[in-house]
S.K.: 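Encoded as structure tokens, here's the structure I'll be asking about.
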Amino acid sequence: MAGDALNVDFPGFDKVVSNLPYSISSEITFKLLRHKFKLGILMYQYEFAARMVSPPGRKDYSRLTVDTYYFADASIIMKVPKGAFQPAPEVDSAVVKLVPRPSPFEVRDEAFFLEFVVAVFSQRRKKLRNSILNTNSMLKIPDIKEVVNQLPEDFMNKRAENLTPEELASVANMLFDLKSDKPWLK
Ligand SMILES: C[S@@+](CC[C@H](N)C(=O)[O-])C[C@H]1O[C@@H](n2cnc3c(N)ncnc32)[C@H](O)[C@@H]1O
């Protein structure tokens, strides 16, 4: 493959091994996760790798974490200190193993779920109720104020950063059903 990895269509492959350009870690990872492959061994800046595998409730837990978990099992298999390179860079690195698999939780609509995750993590310090209200230009839910009042109170009062991927998916599923005129509430 030749060219800008962000602009060319990836060819078919089973395995990807790469010392990635750290400046495009996010874009390349989101693109890769949406590609079909069996195994990835990828080196990232350590802080980025930590965000890929963070548990909920930590500062590293992010859209990247949930997106990664939705598409793949990810684990840090090796920390690579800056001193391993000559000349030494300014940052530590980590090798991540990515094993794509079906999502461990059900989403009613993949595109909507992934957009919901982008929306609520764009306001990660806000309670879910407000982050949904504030990002409805992305989510496009009719009668959003009424809808959020009917969603589970305990989820609405938490921040996205404190909800597991499964919990986020359950809220996204309820919203999607309401949006598609299939009220689960009645
Ligand atoms: C960290 S270096 C790794 C170089 C080499 N593979 C190695 O392991 O020594 C990342 C490489 O990605 C290239 N690169 C940066 N942005 C790219 C892009 N958008 N598409 C393709 N390659 C890119 C850089 O030029 C650089 O050669």
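Bear in mind the structure is a predicted one, so any value in this text is a computation, not a measurement. Numbering of ligands and ligand atoms starts at 1, following listing order. One is the number of the first residue; the rest follow in order along the sequence.
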S.K.: Hey, which residues fall under 4.0 Å of ligand 1 on heavy atoms?
M.R.: G3, D4, A5, N19, L20, P21, I24
S.K.: Parallel, tilted or perpendicular, judged at 30° and 60°: which one describes the rings of F37 and F13?
M.R.: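 The rings of F37 and F13 sit tilted, inter-plane angle from 30° to 60°.
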S.K.: Could you tell me whether a side-chain N or O of R159 sits under 3.5 Å from a main-chain N or O of R124, the two making a donor and an acceptor?
M.R.: no
S.K.: Taking the side chain from D92 and the backbone from K79, do they hold a donor-acceptor pair closer than 3.5 Å?
M.R.: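 No; zero donor-acceptor contacts below 3.5 Å.
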S.K.: Establish, yes or no, whether the cationic atom of R34 lies under 6.0 Å from the six-membered ring centre of F10 and within 45° of the ring axis.
M.R.: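 No cation-pi geometry.
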S.K.: Report the C-alpha distance between E153 and R129 in whole Å, list the side-chain angles of each, state the deciding distance to 0.1 Å, and finish with yes or no for salt bridge (charged side-chain N to carboxylate O under 4.0 Å, His left out).
M.R.: CA-CA 9 Å; E153 198 55 30; R129 174 193 317 284; 3.3 Å; yes
S.K.: Mind checking whether Y69 and F105 have parallel, tilted or perpendicular rings, split at 30° and 60°?
M.R.: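 The rings of Y69 and F105 lie parallel, inter-plane angle below 30°.
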